[in-house]
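Here the structure comes first, spelled out in structure tokens, and everything after it is commentary.
As the structure lists them, so they are numbered: ligands from 1, and atoms in each ligand from 1.
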Amino acid sequence: MKHLIVYSSVTGNTKKVAEAIAQVFDEAVDIFPVETAPPTDDYDLIAVGFWVDRGTADQKAQAYLRTIHGKKVALFATLGAYPDSEHAAKSMANAAALLPDDNKLLGSFICQGKVTSRLTEKFKDLPPGHPHAMTPDREARHREAAKHPDANDLQKAQDTFASILKKISLGQ
Ligand SMILES: Cc1cc2nc3c(=O)[nH]c(=O)nc-3n(C[C@H](O)[C@H](O)[C@H](O)COP(=O)(O)O)c2cc1C
């Protein structure tokens with residue numbers, strides 16, 4: 001049976017991860033941007049990729065997640081924050097919570113993705129003390145994010161999805 005990868009990406013980070021993941025599925029996968037996602041009926045696993053927007057999946061991915069029923073699902077995402085942060089874990093959990101209960105979530109992957117300079121500039125314009133004002137920590141995070149997703153992230157994403165596929169082949 002075929003698998004489906006649907007991703008939502010504005011500046012290309014999540015798309016890059018989606019394309020890396022597609023490689024571990026060989027030919028048994030169709031890959032679509034969320035805007036042209038096909039019906040899920042013919043697919044076994046649905047892998048949904050999103051960019052983190054204010055602590056959850058971006059709006060297009062949110063709408064798509066809510067439409068999935070009775071499927072094996074895996075999630076992947078990119079964000080500006082560090083992937084091992086509480087914010088990353090919460091953002092993934094918030095997205096997972098949007099999936100209807102009749103699905104089975106098999107795994108997830110999250111990594112940093114460069115933050116568009118428009119957003120970085122916006123933070124710089126905020127007054128000191130504002131919760132999103134630019135701080136040395138935030139600046140360092142954005143500088144690090146600018147290097148991602150890198151080859152190591154893409155490898156980790158592939159490893160995560162290879163083990164998800166193994167679970168499926170073992171009937172788990
Ligand atoms: C409007 C907006 C909101 C964002 N909100 C968050 C956020 O809450 N947390 C975070 O870590 N990154 C946030 N980001 C950063 C993006 O999630 C990150 O740059 C992502 O890799 C973009 O993915 P894309 O290139 O696939 O569009 C935000 C970016 C934008 C433009």
Q.
For a side-chain contact (heavy atoms from CB on, under 4.5 Å) check, start with the C-alpha distance between Lys122 and His132, then their side-chain angles and the critical distance, and finish with the verdict.
A. CA-CA 9 Å; Lys122 211 164 130 187; His132 289 135; over 6 Å; no
Q: Have a look at Thr56, Leu119, Thr120 and point out the one with the heavy atom closest to atom 29 (C) of ligand 1.
A: Leu119
Q. For atom 2 (C) of ligand 1, which candidate among Tyr7, Phe50, Trp51 holds the nearest heavy atom?
A.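 Minimum heavy-atom distance to atom 2 (C) of ligand 1 goes to Trp51.
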(Q) Run the salt bridge (Lys or Arg N to Asp or Glu O under 4.0 Å) test on Asp42 and Lys2 for me, step by step, so that the C-alpha distance in whole Å, both residues' side-chain angles and the decisive distance to 0.1 Å come before the verdict. (A) CA-CA 7 Å; Asp42 295 340; Lys2 275 209 148 193; over 6 Å; no
Q) Does the distance from a Lys or Arg side-chain N to an Asp or Glu carboxylate O, for Glu19 and Lys16, drop under 4.0 Å? A)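 No, this pair does not count.
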Looking at [X], which atoms of ligand 1 are within less than 4.0 Å of one of its heavy atoms?
X      : value
Val10  : 24 (P), 26 (O), 27 (O)
Gly80  : 10 (C), 11 (O), 12 (N), 15 (C), 18 (C)
Lys114 : 19 (O)
Ser9   : 24 (P), 25 (O), 26 (O), 27 (O)
Thr78  : 17 (O), 20 (C), 21 (O), 22 (C), 23 (O)

Q: Going by the side chain to side chain contact (heavy atoms under 4.5 Å, CB included) test, name the single residue among Asp30, Ile31, Leu165, Leu4 that passes it with Phe25.
A: Leu165
Q.
Can you confirm whether Lys104 is buried at NZ, in the sense that more than 12 heavy atoms of other residues, nucleotides or ligands lie under 6.0 Å from that atom?
A. no
Q) Under 3.5 Å between some N or O of ligand 1 and some N or O of Arg54? A) yes
Q. Would you say ligand 1 has an N or O under 3.5 Å from any N or O of Lys15?
A. no
Q) Side-chain heavy atoms under 4.5 angstrom apart, residues restricted to Ile, Leu, Val, Met, Phe, Trp, Tyr: same cluster for Leu65 and Met92? A) yes
